[in-house]
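Please read the structure below before turning to the comments.
Whatever order the structure lists them in is the order used to number ligands and atoms, beginning at 1.
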Amino acid sequence: QAKAHGGGNYCFFSPKMNQQATDRLILAAALRDAIAHDRLRLVYQPQVHARTGKMYGVEALSRWNDPTLGFISPARFIAVAEETGQIEAIGKWSMRAACRQMAEWIRNGIDIPTVSVNLSPLHFRDEKLPEFVAEVLEETGIPPARLMVEITESTMIDNYDRTIKAAQALRELGVGMSMDDFGTGFSSLSNLAGLPVNEVKIDRSFMNGLETVDKVRSVVTAVIRIGQSLGMTVVAEGVEHEEQRQILVNMDCDVLQGYMFSKPLASEDLITWLASYTPKEIAPT
Ligand code: C2E
Ligand code: MG
Ligand code: MG
Ligand code: MG
């Protein structure tokens, strides 16, 4: 309510909105500090082949544990970073950090086929993005095919032509392109055909209804069919239970990522996890 009280006193911000604005300013300032002092960390969540359970790759996810503010979820700080433009720095940092980590895994003979890095819409407005990625690949010496770039469906839609161009340039470098959170935006399935992506990730929100809601199952089945018919690898994210895995295997989904395998882990913990991980093969029923 803009006019909160009578007497010509207009109040454009409710106390709650004010608090939120202050929180954002505090977060933005603390984030600037965290970036400057290299306090962000990457954790890596395993992705496995649905049927065989064998390693497919990992997704790199940013973590910020602030000495004064405590743990701040990526949902919050990525949103702030997108508003303030700090996402530019975070994207560059995460790309470099993930590729360096992959180079180290390769040097140490650790078998992690690919690492996926999340990039935001803003990066795709930067014409120098492919150049930057090429530099990081050269600097770290990792084969381009070991890197995947995840972009959200809404990124694709908001800035269609430019995003397609950037994605195409990355594909030409030999980098994999993945469409993240598929099903949460408003692109039609037919849109998928025109995109230079070789992987599509079904959003975690579809996993809830997988066991109980027929319509959810129909949608997920359709996405898997269309993705595969376009030559894409279909990844389901947020897989928490054995029952969900079985349903996804029955649907012939390619790759699974979720807590039933592992939460995102720091590299040392990921290596420990890998050492004791025994892939368990399951057949469609
Ligand atoms: P996302 O890229 O879709 O990443 C998947 C999210 O689902 C991660 O949340 C992951 O921890 C969570 N997740 C995975 N499996 C399960 C599961 O079985 N159950 C549940 N409940 N959750 C699961 P996280 O790490 O909190 O990240 C949230 C979002 O923040 C990411 O969604 C991504 O959009 C964004 N994000 C995180 N790190 C970065 C980054 O470095 N750059 C950019 N641009 N965005 C990032
Ligand atoms: Mg992602
Ligand atoms: Mg995702
Ligand atoms: Mg998601």
Side-chain angles (χ1 to χ4, degrees), residues 31 34-35 38-48 50 56-65 71-101 114-126 129 133 136 147-156 158 163 176-185 197 199-211 223 227 233-245 248 253 255-266 269-270 273:
L31 185 55
I35 294 167
D38 199 22
R39 276 199 220 110
L40 297 183
R41 291 289 168 261
L42 284 181
V43 287
Y44 304 89
Q45 186 175 35
Q47 304 169 313
V48 308
Y56 168 81
V58 294
E59 177 176 8
L61 294 153
S62 296
R63 291 292 177 265
W64 176 23
N65 199 351
F71 180 81
I72 297 150
S73 78
R76 280 182 75 200
F77 76 80
I78 296 293
V80 169
E82 275 170 348
E83 280 174 40
T84 58
Q86 288 165 310
I87 196 69
E88 289 241 30
I90 294 179
K92 288 191 167 171
W93 164 78
S94 62
M95 175 64 66
R96 195 171 265 127
C99 291
R100 283 185 181 160
Q101 186 60 74
T114 62
V115 64
S116 294
V117 176
N118 292 282
L119 289 184
S120 287
L122 267 179
H123 298 111
F124 282 84
R125 284 192 217 141
D126 176 2
L129 174 69
V133 173
V136 173
L147 174 67
M148 308 264 324
V149 172
E150 293 190 11
I151 50 173
T152 58
E153 190 182 2
S154 50
T155 308
M156 281 291 191
D158 291 347
T163 305
M177 284 295 309
S178 176
M179 178 173 287
D180 202 1
D181 299 345
F182 191 77
T184 58
V197 302
E199 182 183 278
V200 54
K201 298 184 79 175
I202 301 173
D203 192 65
R204 172 153 68 84
S205 57
F206 289 95
M207 293 306 121
N208 300 318
L210 203 59
E211 288 140 292
V223 173
T233 302
V234 182
V235 181
E237 54 178 28
V239 183
E240 295 184 352
H241 315 292
E242 198 60 61
E243 293 78 12
Q244 292 168 333
R245 181 184 179 194
L248 289 159
C253 185
V255 174
L256 312 177
Q257 174 182 348
Y259 292 173
M260 82 160 276
F261 300 100
S262 172
K263 294 197 170 186
L265 300 168
D269 300 327
L270 177 70
W273 178 86

Handout entry: For the Mg ion (ligand 2), the closest N/O/S atom belonging to E150
Key = OE1
Handout entry: Nearest-0.5 Å distance, CE of residue M179 to CG of residue D203
Key = 12.5 Å
Practice task
For a side chain to side chain donor-acceptor pair (under 3.5 Å) with Q47, tell me which candidate from Q257, E59, E237 qualifies.
Solution key: Q257
Problem - Of all N/O/S atoms in D181, the name of the one nearest the Mg ion (ligand 3) - result: OD1
Exercise for the section: Locate the shortest heavy-atom distance separating G238 from R204; write the atom from each residue and the value. Expected result: CA-CD, 3.7 Å
Problem - Rounded distance (nearest 0.5 Å) linking atom CG of N118 with atom OG1 of T152 - result: 9.0 Å
Practice task
Using a 4.0 Å heavy-atom cut-off, say whether K263 meets ligand 1 through its side chain, its backbone, both or neither.
Solution key: neither
Exercise for the section: Spell out, as yes or no, whether a donor-acceptor pair under 3.5 Å connects the side chain of W273 to the backbone of K263. Expected result: no
Practice task
Would you kindly specify which portion of N118 sits under 4.0 Å from ligand 1, judged on non-hydrogen atoms: side chain, backbone, both or neither?
Solution key: both
Handout entry: Residue portion contacting ligand 1 (non-hydrogen atoms closer than 4.0 Å) for Q45
Key = side chain
Practice task
Enumerate the atoms of ligand 1 whose separation from the nearest heavy atom of P74 is less than 4.0 angstrom.
Solution key: 24 (P), 25 (O), 26 (O), 27 (O), 30 (O), 37 (C)
Handout entry: Any donor-acceptor N/O pair, R245 side chain to A50 backbone, under 3.5 Å
Key = yes
Fill in the blank from the handout: Checking heavy atoms under 4.0 Å, the part of R63 that sits near ligand 1 is side chain
Problem - R204 contact mode with ligand 1 (heavy-atom cut-off under 4.0 Å) - result: side chain
Completion exercise
Per-atom filter on ligand 1: closer than 4.0 angstrom to a heavy atom of G258 are 15 (N), 18 (O)
Exercise for the section: Find all atoms of ligand 1 within a distance of less than 4.0 Å from any non-hydrogen atom belonging to E240, and give their numbers and elements. Expected result: 17 (C), 18 (O), 19 (N), 20 (C), 21 (N)
Problem - Interatomic spacing from CE in M260 to CD in Q244 - rounded to 0.5 Å - result: 9.0 Å
Exercise for the section: Starting from the Mg ion (ligand 3), look over the N/O/S atoms of E237 and name the nearest one. Expected result: OE1
Practice task
Give the atoms of ligand 1, by number and element, whose distance to some non-hydrogen atom of E237 is under 4.0 Å.
Solution key: 3 (O)
Exercise for the section: Could you tell me which atoms of ligand 1, counted from 1 in the order shown, lie closer than 4.0 angstrom to a heavy atom of D181? Expected result: 3 (O)
Practice task
Check whether any heavy atom of S73 sits under 4.0 Å from an atom of ligand 1.
Solution key: no
Fill in the blank from the handout: On a heavy-atom basis, the closest approach of L248 and M207 is CD1-SD, 4.0 Å
Completion exercise
Going by the 4.0 angstrom heavy-atom rule, the piece of D180 near ligand 1 is side chain
Exercise for the section: Indicate the atoms forming the closest heavy-atom contact of S94 with L42, along with that distance. Expected result: O-CD1, 3.7 Å
Handout entry: Residues F206, V223; criterion side chain to side chain contact (heavy atoms under 4.5 Å, CB included); working and verdict
Key = CA-CA 11 Å; F206 289 95; V223 173; over 6 Å; no
Exercise for the section: Name the option, out of W64, F77, Y259, that contains the heavy atom nearest to atom 17 (C) of ligand 1. Expected result: Y259
Completion exercise
Nearest heavy atom to atom 41 (O) of ligand 1, choosing from G238, A75, S62, belongs to S62
Practice task
Check if E82 has a non-hydrogen atom at a distance under 4.0 Å from any atom of ligand 1.
Solution key: no
Handout entry: Identity of the N, O or S atom of D180 lying closest to the Mg ion (ligand 3)
Key = OD1
Handout entry: Atom pair NE2 (H241) and CG (L210), whose distance is rounded to the nearest 0.5 Å
Key = 10.5 Å
Problem - N, O or S of E59 under 2.8 Å from the Mg ion (ligand 3) - result: no
Exercise for the section: Would you check if the Mg ion (ligand 2) lies under 2.8 Å from any N, O or S atom of S178? Expected result: no
Completion exercise
One should read off an interatomic distance between L40 CG and N65 CG, to the nearest 0.5 angstrom, of 10.5 Å
Completion exercise
The atoms of ligand 1 lying under 4.0 Å from a heavy atom of P264, numbered in the order shown, are 11 (O)
Completion exercise
d(I35 CD1, I87 CD1) to nearest 0.5 Å is 8.0 Å
